[in-house]
2 protein chains.
Amino acid sequence: MPKSTTSRLLPPADDHAARFLRQREADRAAVAEDYVELIADLLREEGEARAVDLARRMGVSQATVTATVARLQRAGLVETKPYRGLFLTRAGDAMAEAAKRRHDLMVRFLLAVGLDRETAEADAEGLEHHASERTLATFARFLAEQESKA
Amino acid sequence: MPKSTTSRLLPPADDHAARFLRQREADRAAVAEDYVELIADLLREEGEARAVDLARRMGVSQATVTATVARLQRAGLVETKPYRGLFLTRAGDAMAEAAKRRHDLMVRFLLAVGLDRETAEADAEGLEHHASERTLATFARFLAEQESKA
DNA sequence: TCCATAACTTAGCCTCGGCTAAGATACTCG
DNA sequence: CGAGTATCTTAGCCGAGGCTAAGTTATGGA
């Protein structure tokens, strides 16, 4: 029984697997991005990013922050000066900036389609990690079009 | 010096933490939903859901499927008949249905804002787990409005 | 100055979700 | 029927990302 090409309620197994793979990669990257993004925010708005504040804002124990920051450090994203807070490397800065860009775009888009700010901010936290560049570009285009019509 | 309008102030630490907490919960639920959703799809379209097919489509080893299915079984979502494939419990069915509903809505929405089908399907895989009910409702409303204008 | 406290680290534990390699079991076909 | 293959399981490993409890150490106030 040869599979007809139109039996694509399910995608070909390979494509299907590829999607989930990309998915898992995004998940792995997400935590790093969240920490880095938050460190950047704290630096910008409070002048420093202490581990204790990260713990509070991430809703996580200090021990977890220590461990995660160690990973980020190994990954070359973060630098620490004990009792002087956390700092971003160049790579970390770049990641933070990209994350912020995605986050803001996501929020603006959600607002544009009619969501309230509160939910938009909350959901963007999760959604921002799973929108491909192509999708983000589409959202940006949507915003531009909507603006030109207003 | 008016920085960009997007220089949001940080939310109160508690709210911030709550967002990330919800985030982590969604992440934990996501794998279960993906497996359950896929089992439902296979049952519907192929008549049976074998572990070997799950492994192929999830892009994962058979051993991983065994372990994950064991968890799903413990969670009361799945039943197995060795060499006869996997089946969903009532709870599993409900989860699959909800997941499918979210997935389809997500895809339709992404198409509606101008994304190509391929990317829409791929990104929906990740996005569907991170949109709150409120956001999904907003997407549905958006679709309805757009339709009424056509 | 000095010491209480807040900040940070370490040790030890957990679950989840992956992996490979090797073992057991059912199905199928010659 | 019996052997070979496909399917499924088991064992043992890993890293990420959580936790608590018990240290250390720097800071700052009396």
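A, B, ... follow the sequence lines: proteins, then strands. Residue 1 opens every chain.
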**Message:** Between the base of dT27(D) and the side chain of Y83(A), is there a donor and acceptor pair under 3.5 angstrom?
**Reply:** no

**Message:** Enumerate the side chain to side chain donor-acceptor pair (under 3.5 Å) contacts for residues 97-116 of chain B, please, sequence neighbours excluded, ordered by first and then second residue.
**Reply:** R134(A)-D116(B), E33(B)-R102(B), K100(B)-D104(B), R101(B)-E133(B), H103(B)-E121(B), H103(B)-E128(B), D116(B)-T119(B)

**Main-chain N/O of R84(B) paired to R50(B) side chain as donor or acceptor, under 3.5 Å** = no

**Item:** Nearest-Å distance for atom pair CD/P, residues Q62(B) and dT20(C)
**Value:** 12 Å

**Message:** Given dC19(C), dT27(D), dG18(D), identify the nucleotide with an atom nearest to the side chain of R84(A).
**Reply:** dT27(D)

**Prompt:** Can you tell if the side chain of L72(A) reaches within under 4.5 Å of the side chain of L86(A), non-hydrogen atoms only?
**Reply:** no

**Asked** Reckon T64(A) has a side-chain N or O less than 4.0 Å from the OP1 or OP2 of dG17(D)?
**Response** no

**5' precedence on DNA chain D between T80(B) and T68(A) (nearest-nucleotide basis)** = T80(B)

**Below 4.0 Å: OP1/OP2 of dC16(C) and any side-chain N or O of R28(B)** = no

**Asked** Tell me: CG of L86(B) to P of dT7(D), nearest whole Å?
**Response** 13 Å

**Message:** Just to be sure I understand the rule, does R24(A) reach a base, reach only the sugar-phosphate, or reach nothing, if contact means heavy atoms closer than 4.0 Å?
**Reply:** sugar-phosphate

**Asked** Given atom CZ of R71(A) and atom P of dT9(C), what is their separation to the nearest angstrom?
**Response** 14 Å

**Asked** In whole angstroms, how far is the P atom of dC16(C) from the CD atom of E33(B)?
**Response** 16 Å

**Asked** How close or far is atom P of dC8(C) from atom CG of D53(A), stated in whole angstroms?
**Response** 8 Å

**Complete:** When rounded to whole Å, the CG to C1' distance for the pair L72(A) and dG17(D) reads 11 Å

**Request:** Respond yes when some side-chain nitrogen or oxygen of T66(B) is under 4.0 Å from OP1 or OP2 of dC8(D), and no when none is.
**Result:** no

**Distance, rounded to the nearest Å, where L54(A) contributes CG and dC8(C) contributes C1'** = 13 Å

**Prompt:** Hey, does the side chain of T89(A) reach the backbone of G76(A) with a donor-acceptor pair shorter than 3.5 angstrom?
**Reply:** yes

**Prompt:** With sugar-phosphate meaning primed atoms plus P, OP1 and OP2, does F20(A) contact a base, only sugar-phosphate, or nothing at under 4.0 Å between heavy atoms?
**Reply:** nothing

**Request:** Compare the minimum distances between each of dA11(C), dA21(C), dC8(D) and the side chain of A63(B), then state the nucleotide with the smallest one.
**Result:** dA21(C)

**Asked** Contact class for V60(B) (heavy atom, under 4.0 Å): base, sugar-phosphate, or nothing?
**Response** sugar-phosphate

**Fill in**
D27(A) CG to dG18(D) P, in whole Å, measures 12 Å

**Complete:** Assert: residue with more 5' nearest nucleotide on DNA chain C, out of S61(B) and R50(B), is S61(B)

**Prompt:** Is the side chain of E45(A) donor-acceptor paired with the backbone N or O of L10(B) at a distance under 3.5 Å, no angle test?
**Reply:** yes

